[in-house]
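Here's the structure we're looking at; comments come further down.
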Amino acid sequence: MTLDPAAAAATLAQARATRTPIRAFTATDPVLDAAWAYATQDHDRAARTAAGEVTIGAKLGLTSPAKQARMGVAEPVIGFLTDAMRLEPGAVAAALPRWIQPRIEPEIAFVLGRPVGSRITPAAARDAVAGVGIAAEIIDSRYADYRFRFADVVADNTSGAGVLLGDLRPAADLPDLTPLRCEVSVDGEVRHEATGAAILGDPYAALVRLSHHLEARGETLPAGALVLAGALTDAEPLVPGSSYRLAIEELGTVQVDA
Ligand code: OOG
Ligand code: MG
């Protein structure tokens with residue numbers, strides 16, 4: 001019998017609470033599929049909601065070639081964001097002990113201007129966004145050494161751990177996000193570069209993809225919800241004492257001292 005999603009979610013919650021990484025579920029049960037994975041993620045979300053966390057939006061992951069190649073999973077994944085994941089850049093150093101193996105990665109963030117719950121076109125995706133900005137996502141896989149397959153990482157809420165949001169700009173001011181250059185520096189040295197096109201050819205394509213997911217699940221994100229389109233580049237480990245500068249042309253920077 002396939003592993004019970006509720007049991008898997010409890011195992012992941014325990015790993016998170018005790019900062020003890022676990023082995024990927026697919027290592028012993030290779031047939032675990034997307035339905036199992038999202039069911040497990042839903043249990044995690046229900047437990048967090050019961051504990052008082054509020055869903056504030058959604059995140060896509062593995063939407064860029066850099067991330068897909070590095071993580072060995074070539075299929076985008078979708079997770080949820082809660083208010084407890086929002087962090088100010090100055091709070092990261094103090095938060096480090098709560099994570100297992102945190103990494104930081106540059107993202108394009110959207111704030112919805114209208115609800116999204118059914119399939120939309122790329123043009124409608126642009127129209128649905130009120131604000132666009134840079135975000136730094138902190139990921140923290142609950143699987144040892146980030147070794148996972150598609151079903152594992154979805155079950156683990158796509159490694160979600162924290163979100164730092166930069167300033168927002170009106171989306172109407174930036175109709176084309178594909179040429180915007182992104183740069184990630186660690187201690188003043190450039191480590192990663194990409195452009196907006198790294199995200200599925202166009203960051204708005206991530207919102208289109210999310211709309212398909214929401215429709216299939218009968219879920220709607222309200223106006224004001226936050227959406228992360230997925231990292232443009234590979235992530236960097238958060239090392240205590242190091243400083244990180246994530247910049248996207250026209251969108252600004254997020255600076256973090258770990
Ligand atoms: C999975 C999470 C991927 C992204 O932006 O690509 C992700 C991982 O890399 O552990 O959030
Ligand atoms: Mg990410």
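In this text, all values refer to a predicted model and were calculated from it rather than measured experimentally. Every number for a ligand or one of its atoms is a count from 1 in the order of the listing.
- Heavy-atom contacts of Val153 reach the following atoms of ligand 1: 1 (C) (cutoff under 4.0 Å).
- If you run side chain to side chain contact (heavy atoms under 4.5 Å, CB included) between Ile108 and each of Ile134, Thr63, Leu251, only Leu251 comes through.
- The atoms of ligand 1 that sit less than 4.0 Å from any heavy atom of Ala231 are 4 (C), 5 (O), 6 (O).
- Contacts between Glu137 and ligand 1 below 4.0 angstrom, taking non-hydrogen atoms only, involve the side chain exclusively.
- The nearest heavy-atom contact from the protein to atom 9 (O) of ligand 1 is Lys67 NZ, 2.7 Å.
- Here the heavy atom of the protein found nearest to atom 2 (C) of ligand 1 is Thr158 O, 3.2 Å.
- Heavy-atom distances between Lys59 and ligand 1 reach below 4.0 Å in at least one pair.
- A side-chain donor-acceptor contact under 3.5 Å links Tyr244 to the backbone of Pro237.
- The 12-atom threshold is not exceeded at CZ of Arg23, counting heavy atoms of other residues, nucleotides or ligands nearer than 6.0 Å.
- On a distance-only criterion, Glu105 and ligand 1 share at least one N/O pair closer than 3.5 Å.
- Every atom of ligand 1 is numbered from 1 in the order shown, and the set under 4.0 Å from a heavy atom of Phe148 is 8 (C), 10 (O).
- In this structure the side chain of Lys67 reaches within 4.5 angstrom of the side chain of Glu105, judged on heavy atoms.
- Of all protein N/O/S atoms, those under 2.8 Å from the Mg ion (ligand 2) are Glu105 OE2, Glu107 OE2, Glu137 OE1, and waters are not counted.
- The distance from ligand 1 to the heavy atoms of Gly230 drops below 4.0 Å at these ligand atoms: 5 (O).
- Between Glu107 and ligand 1, an N or O atom pair is found at a separation short of 3.5 Å.
- Each of the atoms 8 (C), 9 (O), 10 (O), 11 (O) of ligand 1 lies under 4.0 Å from some heavy atom of Ile139.
- Around atom CZ of Arg19, more than 12 heavy atoms belonging to other residues, nucleotides or ligands sit under 6.0 Å away.
- For the atom pair CD of Glu107 and OG1 of Thr233, the computed distance is 9.0 Å after rounding to the nearest 0.5 Å.
- At a threshold of 4.5 Å between non-hydrogen side-chain atoms, the residues Ile139 and Tyr146 count as touching.
- The atoms of ligand 1 that sit less than 4.0 Å from any heavy atom of Tyr146 are 10 (O).
- Listed by number with element, the atoms of ligand 1 under 4.0 angstrom from any heavy atom of Met71 are 8 (C), 9 (O), 10 (O).
- Checking side-chain atoms of Gln68 against main-chain N and O of Leu62 turns up a donor-acceptor pair under 3.5 Å.
- Ring pair Phe110/Tyr204 is parallel by interplanar angle, where below 30° counts as parallel and above 60° as perpendicular.
- Between Pro89 and Gln255, the closest side-chain pair of non-hydrogen atoms is not below 4.5 Å.
- Judged by distance alone, with hydrogens and angles left aside, the side-chain atoms of Thr40 form no donor-acceptor pair with the main-chain N or O of Ala8 at under 3.5 Å.
- Note: no N/O pair closer than 3.5 Å links Val77 and ligand 1 by distance alone.
- Within the cation-pi definition used here (under 6.0 Å to the ring centroid, within 45° of the axis), Arg48 does not qualify as a partner of Phe80.
- At under 3.5 Å, not a single nitrogen or oxygen of Ser141, backbone or side chain, sits near a nitrogen or oxygen of ligand 1.
- With respect to Asp44 and Arg142, no salt bridge is recorded, no charged nitrogen being found less than 4.0 Å from a carboxylate O.
- Of the candidates Leu62, Asp156, Asp152, Leu232, the one placing a heavy atom closest to atom 6 (O) of ligand 1 is Leu62.
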